[in-house]
Each structure stands twice: as C-alpha cells, then as structure tokens.
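Report on the following structure.
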Amino acid sequence: MRFSLFIHMERYDETVSHSELFENLTELTKMAEKGGFSTVWVGEHHSMEYTIAPSPMPILAYLAGQTETIRLGAGTIIAPFWHPIRVAGECALLDVISNGRMEVGLARGAYQFEFDRLANGMSASEGGQYLREMVPAVKALWQGDYAHEGALWNFPTSTSSPRPVQQPMPPIWIAARDPDSHNFAVKNGCNVMVTPLMKGDEEVADLKQKFDTALSNNPDVARPEIMVLRHTYVHSEDDPEGWKIGAAGIARFYRTFDAWFGNSQTPVNGLLPPSPESKFAERPEFQLDNLHKNTMIGTPAEIIERLKHYEAMGIDEFSFWSDNSLSHAEKKRSLELFIAQVIPAFS
C-alpha cells in the first residue's frame, strides 16, 4: 500500500496571509516527497477560505517545478464546472509540465453553495450526469480527434492540445460512494477514491465491498485501484493525551464543513464561523472520543495497526488528509511522525 498527501490551504480568519498558506502547502508537499509519498492531491473549491483551491491546476503546476518524483493529483475536478475540452487540455498540459506525473480525479460536486454561484443554482444532486458524460469524452480527446454529441455538451471535431505524456493516458480517479458510482468507475476503467469522512472502519469495509461488487459486475475490465482518504493526525507516544489536539481540530473542520454545506448563511469575505458545538450535542460522531476512534488519529503504532488492516483489505493507496483546522506547526509535526515512524512499517 502506498501513501499520498491530500492538502488545501486552510484559512479560518485573516491572521494568516494567503502567501504564507501557500508556502506552508509547498513545504508539506516537499516533506511528503522526501518522505516517500507517491502523490500530492489538491481539490477544487470556490469562494470558501477553509479549503482554498479555485483550481488545482496552477497549484500543481507550481509544485511540479518544486518537486522531482511525487505525482500530482487534481483531486477532484468538479465536472459540472468544466468543459471536457478544457479538462483534457489542462490536465495534459500539467502532464507535459511535470514530465508524466499528472493524475486526475473527477467528481460530481457536493456544495450547493458552489452550484448556486457557478452553475446558475442547479441542484448539486444533478452533478452526476456531468461526470458520466465527462469521463469518456476526456479519454477520447486524449487519444486524438473526437467530436461529441451528448445531452450536456456538443462540439465538432476537437482534440486535446497538448497530448499527455503518459500513454495510453494518465490515471483517472472517480470519487465514489454509492454502488452506481463504483460501477461506473470500474466499467470505464477508472480508479476509485473513497472517504469514510467521520465514520469508522466499518464504513471503509462497506466502501471496499461496493468496489469489489463493481469488479464482479465488470469481469472483463482490468482491475483498477482504490484509494481511501482519511483525516490523519499522528501524536507521540510520549504524549498519551495528544490525540485530543487532533480530535478537536478535526471537529472544528467538520463544524465548518457543516456551516458551508448547510448553505443557510452568507459568508463574509469567504469566511463562515463553524456551526456551534451545541448543535451537535446529540451527534455522537462529533464527540472527541469518537473522532479519535473513527478518523485516523493516534500514535504511530496505533496508526500502523489500522493501516495494516486497510492493506490486508486490499486498499491500494491511503491518502493522508492534512486538512484539520490546526496550525502549520501542528500539521508539520504530525506529518513528520507519520514519515519517520509509520511509513517504514510498509517499506
């Protein structure tokens, strides 16, 4: 099982500049590359400061020039906000810039807040149809001339210019949760990225079962890969209470997620306060003990034990999700411990 870093610039107030946040993201990426991580993933989010990434492409293009071996993942491009020709061309350009290190994740999108601003208020639940039409079109454009007549896009003969370095094409990943999305990904020869969010390892097992069912449904397709994305925080064995720092930070992250996902407030300069703790008094998944148990929080030995279980389950990639509302110093300390004491157990 290999390891990757999933990272955004996170800003919860105006005390830290965007320039400093970008420097921090670059530093953690370089650490991950030196520490043996296979890939760095950057998502796409709009008008929200707590996950800053209006396009993964310029971030990854910059990181391509700052690194040598780590692969560069757009995780994920939100299909309803893009055009297939643009996706194919920009991803291929990143592949050229990085000499064949690009990977692309595609998703339907989730925040109604973003759909209200970038898709004329279309329901976020309708994003799946864009994803399903996007994938085969992008794959065709990478191969050469292609004309598209679809329900959502129509264009005459076009191609991806430039063409990607990787042949026959760069890896495509689909963010999947329900059985239909797993089946679509496998049927179309795409890898699958899943996140159990705040749920425990029983959710990982359930998502892996959906992936395995999709494999059974498509026996003629070469087995793609599956990645698990988890909020991760490592603390020293010398600090048995250290888990509380990570749990509190991840709780704040999810309370902020709740505020944005609820789409009931107007943000001020891209900032929304986290939903109050009192809102989740009856929600056990928000309790610190449960976050400790369910997300990837623990000492190196505790995390190794759980990751060995993932490896035995058949997970191909574990992505260290660094977003957790904590300071750069805390994120750096956690990543250093993971690199020094967890990764060697899998080499």
Side-chain angles (χ1 to χ4, degrees), residues 2-45 48-76 94 97-99 101-103 105 227 229-236 239 242 245-246 248-250 252-253 256 270-271 295-300 303 307 317-344 346-347:
R2 63 182 180 272
F3 299 98
S4 59
L5 178 69
F6 196 95
I7 189 168
H8 292 102
M9 295 179 281
E10 285 186 271
R11 196 167 186 244
Y12 294 83
D13 55 48
E14 297 180 346
T15 59
V16 183
S17 71
H18 292 108
S19 296
E20 183 177 350
L21 290 173
F22 191 72
E23 291 172 1
N24 294 342
L25 181 150
T26 303
E27 181 182 12
L28 294 179
T29 299
K30 289 180 175 180
M31 284 176 56
E33 178 180 58
K34 187 176 180 180
F37 280 53
S38 66
T39 310
V40 57
W41 294 94
V42 178
E44 176 186 358
H45 293 292
M48 50 181 67
E49 292 278 285
Y50 96 112
T51 46
I52 302 170
S55 173
M57 295 308 177
I59 299 173
L60 295 171
Y62 176 82
L63 293 176
Q66 298 292 310
T67 58
E68 296 180 358
T69 59
I70 198 166
R71 296 183 64 78
L72 305 159
T76 55
L94 177 61
I97 291 170
S98 65
N99 192 28
R101 288 188 280 149
M102 191 277 293
E103 306 210 4
M227 174 182 81
L229 169 65
R230 269 277 198 210
H231 287 279
T232 304
Y233 179 81
V234 192
H235 66 91
S236 171
D239 182 14
I245 295 173
I250 292 171
R252 184 189 183 202
F253 176 92
T256 307
L271 294 168
T295 62
M296 193 60 69
I297 298 175
T299 65
I303 285 177
L307 290 178
E317 178 174 327
F318 176 80
S319 196
F320 181 116
W321 192 355
S322 67
D323 299 345
N324 57 22
S325 85
L326 296 175
S327 68
H328 177 62
E330 284 290 352
K331 292 181 180 182
K332 185 175 178 180
R333 188 178 300 114
S334 170
L335 184 59
E336 285 173 339
L337 280 170
F338 191 91
I339 289 169
Q341 298 186 36
V342 175
I343 286 186
F346 296 86
S347 59

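Computed from a predicted model, the values in this text were never measured in an experiment.
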message: Assess the residue pair Ile339 and Glu336 against the criterion (side-chain contact (heavy atoms from CB on, under 4.5 Å)); give the C-alpha distance rounded to whole Å, side-chain angles, the decisive distance to 0.1 Å, and a yes or no.
response: CA-CA 5 Å; Ile339 289 169; Glu336 285 173 339; 5.9 Å; no

- request: Apply side-chain contact (heavy atoms from CB on, under 4.5 Å) to the pair Asn24 and Met9, showing each step before the final yes or no.
  value: CA-CA 8 Å; Asn24 294 342; Met9 295 179 281; over 6 Å; no

- request: Would you sort out whether Ile97 and Leu60 count as a side-chain contact (heavy atoms from CB on, under 4.5 Å), showing the intermediate values?
  value: CA-CA 10 Å; Ile97 291 170; Leu60 295 171; over 6 Å; no

- prompt: Is there a side-chain contact (heavy atoms from CB on, under 4.5 Å) between Tyr62 and Thr29 once you walk through the steps?
  reply: CA-CA 11 Å; Tyr62 176 82; Thr29 299; over 6 Å; no

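Checked by atom type and distance alone, the side chain of Ser19 never pairs as donor or acceptor with a backbone atom of Ser17 at under 3.5 Å. No donor-acceptor pair under 3.5 Å is formed between the side chain of Glu49 and the backbone N or O of Gly270. Distance alone, capped at 3.5 Å, is enough to place a donor-acceptor pair between the Asp323 side chain and the His8 backbone. Listed for the Gln66 side chain is no donor-acceptor partner under 3.5 Å among the backbone atoms of Lys30. A donor-acceptor pair under 3.5 Å is absent between the side-chain atoms of Arg11 and the main chain of His18, judged by distance alone. Side-chain atoms of Ser334 do not come within 3.5 Å of backbone N or O of Glu330 as any donor-acceptor pair.
Two residues are said to be in side-chain contact when any heavy atoms from C-beta on lie closer than 4.5 Å; Thr51 and Phe253 meet this criterion. Side-chain atoms of Val342 and Leu337, non-hydrogen and from C-beta on, never get closer than 4.5 Å to each other. Considering only heavy atoms from C-beta on, Trp41 comes within 4.5 Å of Glu103 through its side chain. At a threshold of 4.5 Å between non-hydrogen side-chain atoms, the residues Ile70 and Arg101 count as touching. The shortest distance between side-chain heavy atoms of Leu5 and Met31 does not fall below 4.5 Å. In this structure the side chain of Leu271 never reaches within 4.5 angstrom of the side chain of Tyr12, judged on heavy atoms. With a 4.5 Å cut-off on side-chain heavy atoms, Glu44 and Pro56 count as touching. By the 4.5 Å heavy-atom criterion applied to side chains, Leu72 and Val40 are counted as neighbours.
Under the 3.5 Å distance criterion, with hydrogens and angles disregarded, no donor-acceptor pair is assigned to the side chains of Glu20 and His328.
When every heavy atom of Ile303 is checked against every heavy atom of Tyr233, the shortest pair comes out as CD1-O, 3.8 Å. Taking all atoms of both residues into account, the shortest heavy-atom contact from Glu10 to Ser322 is OE1-O, 4.0 Å. A pairwise comparison of heavy atoms in Gly35 and Ile343 identifies O-CD1, 3.5 Å as the closest pair. Of all heavy-atom pairs spanning His235 and Gly242, the tightest one is CG-C, 3.8 Å.
Summarising the geometry, atom CZ belonging to Phe338 is positioned 5.5 Å from atom CG belonging to Leu307; distances are rounded to the nearest 0.5 Å. In this structure, CG on Leu63 lies 10.0 Å from CD on Glu33, to the nearest 0.5 angstrom. Between atom CE of residue Met227 and atom OG of residue Ser4 there is a gap of 5.5 Å, rounded to the nearest 0.5 Å. The distance from atom CZ of Phe320 to atom CG of Leu229, rounded to the nearest 0.5 Å, is 11.5 Å. Atom CD of residue Glu68 and atom OG of residue Ser98 lie 13.0 Å apart, to the nearest 0.5 angstrom. Interatomic distance, NE2 of His231 versus CE of Met296, reported as 12.0 Å (0.5 Å rounding).
Using bins of under 30°, 30° to 60° and over 60° for the plane-to-plane angle, the ring pair Phe346/Phe3 lands in the perpendicular bin.
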